[in-house]
J.: 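First, the structure itself, so that you have it in front of you.
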Number of protein chains: 2
Amino acid sequence: MAVSDVVSSVTGPTGKYDTGEQMCPHRMVLEHVTSRWGVLVLIELLERPYRFSELRRAIGRVSEKMLTQTLQTLERDGLIHRDAKPVIPPRVDYSLTDLGREAAQQVRGLALWTEERMAEVLKAREVYDARRSTS
Amino acid sequence: MAVSDVVSSVTGPTGKYDTGEQMCPHRMVLEHVTSRWGVLVLIELLERPYRFSELRRAIGRVSEKMLTQTLQTLERDGLIHRDAKPVIPPRVDYSLTDLGREAAQQVRGLALWTEERMAEVLKAREVYDARRSTS
DNA sequence: CAGCATCCTTTAAGATACTG
DNA sequence: CAGTATCTTAAAGGATGCTG
């Protein structure tokens, strides 16, 4: 019942800051943490704090634009903390807040699950594809 | 370490059947279950089996195209079971497999978390926005 | 280094019409 | 009813150049 609320709510994509969207906030946060880069950022930061470009390298194949956007969204949601040191050259450290750590743990749970069950998924795909090609 | 593998892998979106993608399969499954409609389908099916259009109504605002695509992807991954009865008019029931139930529970955990912590997220956003507008 | 602004391409998603 | 096929739109994502 409580969960199905999220299900029957209004759609809407994840734009920058998600302003002007018609979507229940609950589901909006869910989209933020399950977004492609959001997932990876949260999991990575669960390990330790990261600097911007350090995080970028760690994730790999993420454009700076998308990483910036993702970090801003998660920061606004209170999930990560941005610590910009007033030095030259600039140094910005990102870390999880307490709230963010909770979210990240949930996300990691999901990631660990996919890892554990990967073999079964691959098996299922083979079966599915075999059925398709022979019928 | 195990989880960070997923983090440093290759990117790639979720196309139909995800053929020809250069992405570690592990992360691919993760994207399937965390996809916008994938999340909602899994959570909804955790409740009970659904027929196609019944599921569409339950989720709301999902086009039949996207629902079809999502269901096919999840079926191929072995997470949901499709039971097409040979009757006229057609009747197709979708349900979770054992594997899918595990995934769905993880996803529901995340959804429940966002629900519980919604107030804190909204609070954080206010603070963030206030800082931005006054600085 | 850590971004922001702009332009451009690729994908996801929606609308519509049609079929077994 | 439960889709498929096709077309169009909207959004995500990437490349480049610039700034404190």
J.: Would you kindly give the CG-to-C1' distance between B/Leu67 and C/dA15, to the nearest whole Å?
T.: 16 Å
J.: Judged by each residue's nearest nucleotide on DNA chain C, which is more toward the 5′ side, A/Arg91 or B/Lys65?
T.: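 Looking at DNA chain C, the more 5' nearest nucleotide goes with A/Arg91.
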J.: Does A/Pro89 reach a base, just sugar-phosphate, or nothing at all? Heavy atoms under 4.0 Å.
T.: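 Sugar-phosphate contact only.
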J.: State, yes or no, whether a side-chain contact exists between A/Gln105 and A/Leu46 at a heavy-atom distance under 4.5 Å.
T.: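 Yes, side chains in contact.
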J.: Is any side-chain N or O of B/Tyr94 closer than 4.0 Å to OP1 or OP2 of D/dG3?
T.: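 Answer yes for this pair, as a side-chain N or O of B/Tyr94 is under 4.0 Å from OP1 or OP2.
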J.: Check the distance between C/dA2's P and A/Tyr50's OH and give it to me in whole angstrom.
T.: 14 Å
J.: Phosphate oxygens OP1/OP2 of D/dA2: is one of them under 4.0 Å from a side-chain N or O of B/Ser53?
T.: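 For D/dA2, OP1/OP2 do have a side-chain N/O of B/Ser53 under 4.0 Å.
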J.: Using only heavy-atom distances, determine whether the side chains of A/Thr114 and B/His26 contain a donor-acceptor pair under 3.5 Å.
T.: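 Judged by distance alone, the side chains do pair up.
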J.: Relative to the 5' end of DNA chain D, which residue comes earlier, B/Val92 or A/Ser63, by the nucleotide with the nearest heavy atom?
T.: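 On the 5' side of the pair lies B/Val92.
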J.: Is a side-chain N or O of A/Ser35 found less than 3.5 angstrom from the main chain of A/Gly38, in a donor-acceptor match?
T.: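 Yes; judged by distance alone, with no hydrogens or angles, the pair exists.
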J.: Report the distance from atom CD1 of A/Ile88 to atom P of C/dG3, rounded to the nearest whole Å.
T.: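 Answer to the nearest Å: 15 Å.
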J.: I want to check one thing: is the phosphate of D/dG13, taken as OP1 and OP2, less than 4.0 Å away from some side-chain N or O of A/Arg36?
T.: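 Yes.
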J.: Any side-chain N or O of B/Arg82 under 4.0 Å from OP1/OP2 of D/dG3?
T.: yes
J.: Does a side-chain N or O from A/Gln72 land closer than 4.0 Å to OP1 or OP2 of C/dG3, or not?
T.: no
J.: So, do A/Thr34 and B/Glu31 sit near enough that their side-chain heavy atoms are less than 4.5 Å apart?
T.: no
J.: B/Ile59 CD1 to C/dA13 P: how many Å, rounded?
T.: 13 Å
J.: Return the nearest nucleotide to the side chain of A/Glu64; candidates are D/dT4, C/dG14, D/dT16.
T.: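 Taking heavy atoms from C-beta onward, the closest nucleotide is D/dT16.
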